[in-house]
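In what follows, every chain begins at residue 1, and chains take the letters A, B, ... in the order their sequences are listed. All values derive from a computational prediction rather than experimental measurement.
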Amino acid sequence: MPEAAHRELTFAQAVREALAEEMRRDSRVCIFGEDVAEAGTPFKVLSGLVEEFGTERVVDTPISEAGFTGLAVGAAMTGLRPVVDIMFGDFITLTMDQMANQAAKVHYMSGGKWKVPMVMRTTLGATRRSAAQHSQSLHAWFSHVPGLKVVLPSTPYDAKGLLKTAIRDENPVVFFEDKMMHHKLKGPVPSEEYTIPFGVADVKRAGSDITLVATSSMVQVALGAAALLEAAGISAEVIDPRTTWPLDEASLIESARKTSRVIVMDEGYGRYGVTAEIAAVIAEGAFYDLDAPVKRMGAMHVPIPFSPPLEDATVPTEQSVFEAAQALCGRS
Amino acid sequence: MTTAAHHPEADSKISVEHWLRMYRQMVSIRLFEEQVNELYTRALMPGLAHLYAGEEAVAVGICEALRPDDYITSTHRGHGHCLAKGASPDRMFAELLGKEAGYCRGKGGSMHIADPATGNLGANAIVAGSVGIATGAAFSAKRLGTNQVAVCFFGEGALGQGVLYEVMNLAQLWKLPVIYVCENNLYTEYTHYSETTAGDIVARGAAFGLHAESVDGQDVRVVHDTATRLVERARQGQGPAFLCCNTYRYSGHHVGDINREYYRSKQEEQRWKSERDPIKLLGDWLSQQKFADSVLFDSIHSQVKSEMEKAVKFAIAAPYPSPEEVEQDVYA
Ligand SMILES: Cc1ncc(C[n+]2csc(CCOP(=O)(O)OP(=O)(O)O)c2C)c(N)n1
């Protein structure tokens, strides 16, 4: 983090500021989504943008996710730089053909002739008591598709810098925001212009005994667990890949080789998921330096239940990570 | 078994009972939602609460034209459909609080109540998410020769989803006994439907050759008479219908949507409440016909109120599911 960081913004404010700056810088940038204009989205992330940029550039759509995502693909191919807002990450399912078969493939199928410089912003994360159709973390779906880039910011600083990079990228980029962070997580964001490159992991806390690889919502959980571990005499490193594709394999492997023990944490499902991929990367790259099998922690493999005590059981917590890390270090 | 048309003129004695029953059901929905509002504002209810108050005549007028074994599918604003189809308030409240005694053992919550015993295939939190399910139920009814009808409730926001047009086409091609009921309460979340809906709503059903009508959704007698006709048609194999019920939601999109003057005025809300209230409209008519008087109405209100209070108490006292339940019922 640069020295000049003296301002604190919420995660939502950081996202909004990135959009506003890019919209000022580049008149081709426009926003499409449900209730994005006057309402500023139900999460109030975009409040104020329509006042500055007008309804030509902050465009309220019908509840037609497939339609306006497809429209954004076409608009991106023909001179605009759309940012589409998919209110809940669960609704990406409705956009899947437009993203996976259209946006992701246009550049390749056209032999590099057409480009799709668009961003999809959406959410992930449970524990909001929103039940099975409003709580999923489905970023692995997009991470699986060649041609798409996937961003998982975990701090206001990262959100702003990565979103600006996403908007300037020449490819379709999907940007997942943890909806629990929007107004709850505050952090330093410098007022000076900056961007953060894709494919560069960030060490959120340095340590030597165990590596906690964590994405998005799991970064704060990992940092909490690391504090508990420190009190128990275990030094944990927390490293955040920040983008699942491109993935900074080298930094993850390096951290694993240094500490020799790894837990990979991600709020998506573990099976065939982000943790599976990262664990495989580490197993391949750091095999001879590992003192324990790589452990994975993520959402339980169930639809997210509504009932609070059930929902709380589905996601890793500071305590469960702390216990798993202790066990991995042979201290339970 | 077929359902007879209930014209008040036909047999005033049976009809009076029937209308009073509908009056009571509308009061039940109204007071149920008052309790939900209370539970939510007292922070006793997790998640979001989308209230049906104001729209009672639609659910009641239609469900009263159905057999107990006829199917319905419902929406995020589904408490009214559920009650009108015969669910009991105590187990509904239990579901809303995430308790084991709830209709879905606490796993579904407010937006996902399902109850096979009353033909309720489930409420759905994906806009237009249940249109395929309702159409499929109608297909089964036809194939299995059960003579059942399926009613698909959705808000006018669902008109934005392409899948609705795919299934209406199928339903008409295959003459399926399904009725698509569009509850046009004028607003999606925070946007007037005229800003998201091109052309004429009823014409969308008519375009596929469905029998299509629009009715005053505040007048339960009109809704019921129309529904009775459409259900009869469907049951006799004459095919699907599209019914647009013009109505109004009294509260915000959800309980937390309090400052809403930026999208609709207090005067407008007041006008609907004082001039177009479905309970009052039916009450006035019953009084004019000398079928009932305020003494009877008062006693209905107080009976229902104490029933609701009892149901809430039951739900509050009911236990949560045990955390092990989280992995039950992922697969059948
Ligand atoms: C596919 C999808 N997109 C967006 C949403 C978010 N959302 C929930 S309710 C709603 C508005 C629905 O309006 P309408 O269908 O008219 O029903 P109403 O709330 O007015 O009863 C929206 C956009 C959703 N649940 N599903």
Note to self: Counting only heavy atoms from other residues, nucleotides and ligands, does the tally under 6.0 Å from NE2 of H144(A) exceed 12?
What the structure shows: no

Check: So which part of L159(B) gets closer than 4.5 Å to some heavy atom of chain A, the side chain, the backbone, both or neither?
Finding: neither

Notebook entry, point to check: Which region of T61(A), side chain (C-beta onward) or backbone (N, CA, C, O), has a non-hydrogen atom less than 4.5 Å from a non-hydrogen atom of chain B, or is it both or neither?
Noted result: backbone

Notebook entry, point to check: Heavy-atom distance under 4.5 Å to chain B: side chain of A66(A), backbone, both or neither?
Noted result: neither

Margin query: Please classify the contact between S322(B) and chain A as side chain, backbone, both or neither, with a heavy-atom cut-off of under 4.5 Å.
Written below: backbone

Notebook entry, point to check: Considering only heavy atoms, which portion of T314(A) lies under 4.5 Å from any heavy atom of chain B: side chain, backbone, both, or neither?
Noted result: side chain

Margin query: I need the residue from H253(B), H112(B), E327(B) with the largest number of non-hydrogen atom pairs under 4.5 Å to chain A.
Written below: H112(B)

Check: Which one, S64(A), P303(A), P42(A), S307(A), leads in non-hydrogen pairs under 4.5 Å with chain B?
Finding: S307(A)

Item checked: Point-to-point distance, once rounded to the nearest 0.5 Å, from CZ of R105(B) to CZ of F306(A) -> 16.0 Å

Item checked: Greatest number of heavy atom pairs closer than 4.5 Å to chain A - which of I126(B), T197(B), V330(B), V127(B) -> I126(B)

Next item on the list: Could you check if a side-chain atom of L310(A) sits within less than 4.5 angstrom of a side-chain atom of E325(B), using non-hydrogen atoms only?
Entry: yes

Next item on the list: Could you have a look at A198(B), G160(B), G162(B), S110(B) and say which one has the most heavy-atom pairs with chain A under 4.5 angstrom?
Entry: G160(B)

Check: Of the backbone (N, CA, C, O) and the side chain (C-beta and beyond), which part of L96(B) lies under 4.5 Å from a heavy atom of chain A, both, or neither?
Finding: backbone

Notebook entry, point to check: So which pairs with a foot in residues 31-47 of chain A pass salt bridge (Lys or Arg N to Asp or Glu O under 4.0 Å), sequence neighbours left out?
Noted result: none

Check: Can you list every salt bridge (Lys or Arg N to Asp or Glu O under 4.0 Å) pair that touches residues 247-262 of chain B, not counting sequence neighbours?
Finding: R260(B)-E269(B), E261(B)-K266(B)

Checklist line | Option that, when pairs with chain A are counted at under 4.5 Å, heavy atom only, ranks first among A128(B), G106(B), G157(B) | finding: G106(B)

Margin query: Once salt bridge (Lys or Arg N to Asp or Glu O under 4.0 Å) is applied, what residue pairs with a partner in residues 126-136 of chain A remain, sequence neighbours excluded?
Written below: R129(A)-E311(A), R129(A)-D312(A)

Item checked: Side chain, backbone, both or neither of T188(B) within contact of chain A (heavy atoms, under 4.5 Å) -> side chain

Item checked: Residue-level contacts of residues 72-82 of chain B with chain A, using a heavy-atom cutoff under 4.5 Å -> none

Notebook entry, point to check: How long is the gap from CD on Q161(B) to CD on E65(A), to the nearest 0.5 Å?
Noted result: 5.0 Å

Check: Looking at P309(A), A132(A), A313(A), which makes the most heavy-atom pairs under 4.5 Å with chain B?
Finding: P309(A)

